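One structure is given below, encoded as structure tokens.
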Amino acid sequence: MQELFVEGGNRLHGELTIQGSKNGVLPVLAATIVCAGECRIENCPRLRDVDASIAILRHLGCCTRWDGGALLVDTTHMDKNEVPDALMREMRSSVIFLGAILARRGEAALSYPGGCELGPRPIDMHLAALRALGAEITERGGTLRCRARVLKGTEIVLPLPSVGATENAILAACGAEGVTTVYNAAREPEIAELQDFLNAMGADVRGAGGSIVTVAGKRALHGGTHRVIADRIVAATYLCAAAACGGEVRLLGVDPVALSTVTAALYEAGCRVESEADAVALQSAGSLRAIPPVRTAPYPGFPTDAQPALMAALLRSAGSTVFIENIFENRYRHVGELARLGADIRVAGRVAVVSGVGALHGASVRCTDLRGGAALVLAGLQAEGTTRISELEHIDRGYESIERKLALLGAKIGRREETLWQEQDETEDAEGEGFPSS
Ligand code: EPZ
């Protein structure tokens, strides 16, 4: 097992090109199987969740290989319809393969994706959308079996603008006869990215980014090339790090519009933010102030995935900030670990109140989930002394080498095999512990 160790106190400076989006590339990888052909996915991030998707593609009979920063996927010889339990357990968002397999093969099976650290994570809307298109879905012994002799275009109204359900509906609709219209579709930038990729394959998807998306199905599809958009949540994470630590950073390749609710919050907290066409720069004195209540909401509202990072940035702010988590039932699991570093956070249901403290102090903490783990790193960057962070598999699902990226900005952070925690000899230079020379 590996662990991060963070020496707090450094300001952050410099430029960073932001990695490809995890939540953008996962539906794109599922979309490659909608037709037989070769696809080239450029700017594909090296993440555990991408590895899990590659394992599923290979299990289904596809071939994949890396070509530098691009992932090549050949779905010509796909010969299976089922995602096995072990692979489903590796990544619950594999449910996104359901619609694509159904569109390609007319039948699909996968084990019921369990809940995760954030709560039960139901898929009722996914299944309702597939049934509306004509799929017969049975569930037996934890396995979902979907069969559709014919998928027919129809009107689908989502009760909530669910990202995954929108993506599954669009993917399945590509295999349906006629036009499908999805109402109350999610408006996240990753939906527009899926539309762009499908249309590069010859599909006819329109309206992504808005609440009504149409798909003209059964088009003659072929392999396509796509460049993955920058990860707006990773960008938000590094902006929050610089806001909390103080300094000046410039993130390249990002769409400032996709970050606007996060940069607005950091501006309120006292940072200076400058947006360019595909970059965002932030300056911070490192002493933030509390901000008005933060309510997470579907895009274009404040992203739930950035809630833990913003919370971490405000741990030493002047005053108290109220967070209201409206998307997931259980997205404050990082609070207990932040408290070990000295944070003052009170949670009652979906509400968390963060009261700034004078100082945080290094401690041993463990990641509870992907974004909560990143929040622990941000808290460690501010803490006096050294923080040890374990269970990094959560962070590695969505952040490409978080320690290397933050070290490039001047953070004192490194990764090593987990060891019993030995008090460091006072004379020993922390750098001797593998900290990169800053
Ligand atoms: C996507 O998850 C993202 N994951 C999540 O990012 C993100 O937090 C979420 O969208 C919201 O933006 C990927 O894209 C891989 P939802 P998803 O369906 O699709 C409820 C991260 O950290 N719901 O929009 O699962 C659901 O329980 C991850 O990168 C139903 O009730 O999210 C939740 O309360 C975490 N029934 C709400 O809707 C359904 O059938 C929004 O979920 C589907 C969802």
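All values derive from a computational prediction rather than experimental measurement. As a basis for the values below, the full set of heavy atoms in this structure was taken, side chains included, without hydrogen atoms, waters or symmetry mates. When a ligand or atom number is given, it counts from 1 through the structure's own listing order.
- Arg295 forms no cation-pi arrangement with Phe302, by the criterion of a distance under 6.0 Å to the ring centre and an angle within 45° of the ring axis.
- Residue Ile327 has at least one N or O atom closer than 3.5 Å to an N or O atom of ligand 1.
- Residue contact annotation: Arg331 has a non-hydrogen atom under 4.0 Å from ligand 1.
- Of all the heavy atoms of Leu370, the ones lying under 4.0 Å from any atom of ligand 1 belong exclusively to the side chain.
- Proximity of Thr304 to ligand 1, defined as any heavy-atom pair under 4.0 Å, is confined to the side chain (atoms from C-beta onward).
- Residue, atom and distance of the protein heavy atom nearest to atom 14 (O) of ligand 1 are Asn23 CG, 3.3 Å.
- Checking Arg397, Met91, Met125 against atom 23 (N) of ligand 1, the nearest heavy atom belongs to Met125.
- Residues Glu188 and Asn23 are not in side-chain contact: their nearest non-hydrogen atoms beyond the backbone lie 4.5 Å or more apart.
- Relative to atom 30 (C) of ligand 1, the option among Ala306, Gly372, Pro122 with the closest non-hydrogen atom is Pro122.
- Side-chain contact between Arg145 and Glu82 is present, with heavy atoms from C-beta onward closer than 4.5 Å.
- Counting heavy atoms under 4.0 Å from ligand 1, residue His126 touches it through both backbone and side chain.
- The environment of Arg206 atom CZ is sparse: at most 12 non-hydrogen atoms of other residues, nucleotides or ligands sit within 6.0 angstrom.
- The N/O atoms of Arg371, backbone and side chain alike, include one that comes under 3.5 Å of an N/O atom in ligand 1.
- By the 4.0 Å N-to-carboxylate-O rule, Glu38 lies too far from Arg40 to be salt-bridged with it.
- Counting heavy-atom neighbours within 6.0 Å of Arg366 CZ, excluding the residue itself, gives a total of 12 or less.
- When only modelled atom types and interatomic distance are considered, Tyr399 and Thr237 share a side-chain donor-acceptor pair under 3.5 Å.
- Note: an N/O pair closer than 3.5 Å links Lys22 and ligand 1 by distance alone.
- Protein heavy atom in closest approach to atom 38 (O) of ligand 1: Leu160 CD1, 3.6 Å.
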